[in-house]
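Notes to accompany the following structure.
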Amino acid sequence: MIQNQALMTDGYYQERYRPHIHFTPEQMWMNDPNGLVYFEGEYHLFYQYHPDSKQWGPMHWGHAVSKDLIVWDHLPVALYPDDLGMIFSGSAVVDHKDTSGFFDGKPGLVAVFTHADGDLQRQSIAYSKDRGRTWVKYDENPVIQNPGIKDFRDPKVFWHEDTEKWVMVLAAGRKVQFYTSPDLKQWTYASEFGEGWGEQEGVWECPDLFPLTNETSGEKKWVLPIGIDAGAPSGGSGTQYFIGSFDGKHFVPHQTKETVRWLDYGKDFYASQSFSDIPGRRVILAWMSNWQYANDVPTDPWRSAMTIPRELTLTMVEGQERLIQKPIAELTRLIEKRREHKRCFLKEQQSTELSQPASPFIWELDVEVEKGGVFEGRLFGKQDAGLKVKIDREKNVISVQRDRAELDFSKEYVCTCKAPLNRDISSFHLKLICDRSSVELFLGDGEISMTNLYLPAANYEAKLKMESVRGTVEVKASLIFEMRSIWNPNA
Ligand code: FRU
């Protein structure tokens, strides 16, 4: 265990933990993705940013653009705090028909965000006439005053075709509110949803709302993801979602009040947001950290990363409507080498090892685990430690276990995340996207995802271990893809 805090400031952690296929700010603090939008051939990623420190503080919107959602160019800060307060989370849209009148009849970008002044949270807008490079705040901000609700923030806006209006979904305490507008400037309260619904332990934050067609039934549904700042299955902040219908004003859930659906079962998936204006697919991105320790993760000179962008679809899984998440197809462009291993059988307590490439890499596995059996895969191993992925057909859970980091920065870091497994299924497909300080796990077609930071020991053994802890396991396929890095500090 390294106790010396001085190591944190002299760059010791810089190269080791810097993600190579995930977005990070070049330096300083980042949290939620904001203003995700596709416009004129570019994907925009804005983010909660504190340019003067590696700790959360006066929030700005940092900015980056990409042509493929994988390789990002860093741009100057887009929005600075002002007399109305800090710039908290929000979204951006393409105003195609110039409903706002900001763009002389042409399409342009409008950002909708929360102005936070002490405990006073109000909604404001800004616009850009030059593809997001510079922003003008609307001179009649705020566009929605605070109605007396302390936590009143994170507007997500979209154009609702059927009613030909803009719709905003906004977090308001432990529920969400909906507003509508003809021009992004004047907003009318429509309804609210959520009191007593789903997980209520934490305050609701960063809501989203978008339609998806259920691929099994062909029905159009509305998906409402919501961050909660406490009470997630693995502790701390996490993301739940509701499925229902939406008529432009009211959201009607298709579930009971008690049902809780989790978008991700890991410890580090928060404040997810979907991109606006991408034709033909719904892509989300989340902040890869947890408010329990976000301010203390020992990286330098930056803090926090985003997940790999994921494409969402909706389908029936075991008779239940479920969101499916897949890493976007563009990620495969980074593959440099592919290694395939022969199938093998592991008797009880038998194990086998493969060499583990330097991160980043993807490990895909097909394993057959008999009823009552337990399979364990281990990455970044060191003696008994490492990141352990367990398929347990005795308890019918899949788990990811994370042990102590070298620098003991938070007692919440050590954890075991769990997700339920269907007890009748014996064949499992696993995809693990491994970077320098994170592992994103996708099970099956993506019906379960578990996203976790992982800070490997400096001298971890470069071996991937597979073990049958109980019963017999057949490893039907194991594929390793070595990935090209997108981290270029000199770009
Ligand atoms: C979620 C959040 C948002 C808020 C922002 C402030 O992580 O708390 O609700 O707008 O972060 O940085």
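Residue numbers start at 1 and run along the sequence shown. The model shown is predicted, which means the values in this text are computed figures rather than measured ones. Both ligands and their constituent atoms are indexed starting at 1 by order of listing.
The residue from F242, F158, F178, F193 that alone fulfils the ring-ring contact (aromatic ring centres under 6.0 Å, His included) condition with W222 is F158.
The ring-ring contact (aromatic ring centres under 6.0 Å, His included) test applied to H74 returns F23, not counting sequence neighbours. N31 pairs by the side-chain contact (heavy atoms from CB on, under 4.5 Å) definition with W29, Q48, W56, M59, W287, W291, not counting sequence neighbours. Qualifying side-chain contact (heavy atoms from CB on, under 4.5 Å) partners for R436, counting only residues two or more places apart in sequence or in other chains: H20, S359.
Within the 4.5 Å cutoff, side-chain heavy atoms of I278 are placed close to those of Y43.
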Quick check on ligand 1: any N or O pairs to the protein under 3.5 Å? One line per pair.
from: ligand 1; atom 1: 7 (O); to: D32; atom 2: OD1; distance (Å): 2.7
from: ligand 1; atom 1: 7 (O); to: D32; atom 2: OD2; distance (Å): 3.2
from: ligand 1; atom 1: 7 (O); to: W291; atom 2: NE1; distance (Å): 2.9
from: ligand 1; atom 1: 8 (O); to: E205; atom 2: OE2; distance (Å): 2.9
from: ligand 1; atom 1: 9 (O); to: R153; atom 2: NE; distance (Å): 2.7
from: ligand 1; atom 1: 9 (O); to: D154; atom 2: OD1; distance (Å): 3.4
from: ligand 1; atom 1: 9 (O); to: D154; atom 2: OD2; distance (Å): 2.6
from: ligand 1; atom 1: 9 (O); to: E205; atom 2: OE2; distance (Å): 3.2
from: ligand 1; atom 1: 10 (O); to: S89; atom 2: N; distance (Å): 3.1
from: ligand 1; atom 1: 10 (O); to: D154; atom 2: OD1; distance (Å): 2.6
from: ligand 1; atom 1: 11 (O); to: N31; atom 2: ND2; distance (Å): 3.2
from: ligand 1; atom 1: 11 (O); to: D32; atom 2: OD2; distance (Å): 3.1
from: ligand 1; atom 1: 12 (O); to: N31; atom 2: ND2; distance (Å): 3.1
from: ligand 1; atom 1: 12 (O); to: Q48; atom 2: OE1; distance (Å): 2.6
from: ligand 1; atom 1: 12 (O); to: W56; atom 2: NE1; distance (Å): 2.9

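Under the 3.5 Å distance criterion, the side-chain polar atoms of D117 are left unmatched by any main-chain donor or acceptor of Q121.
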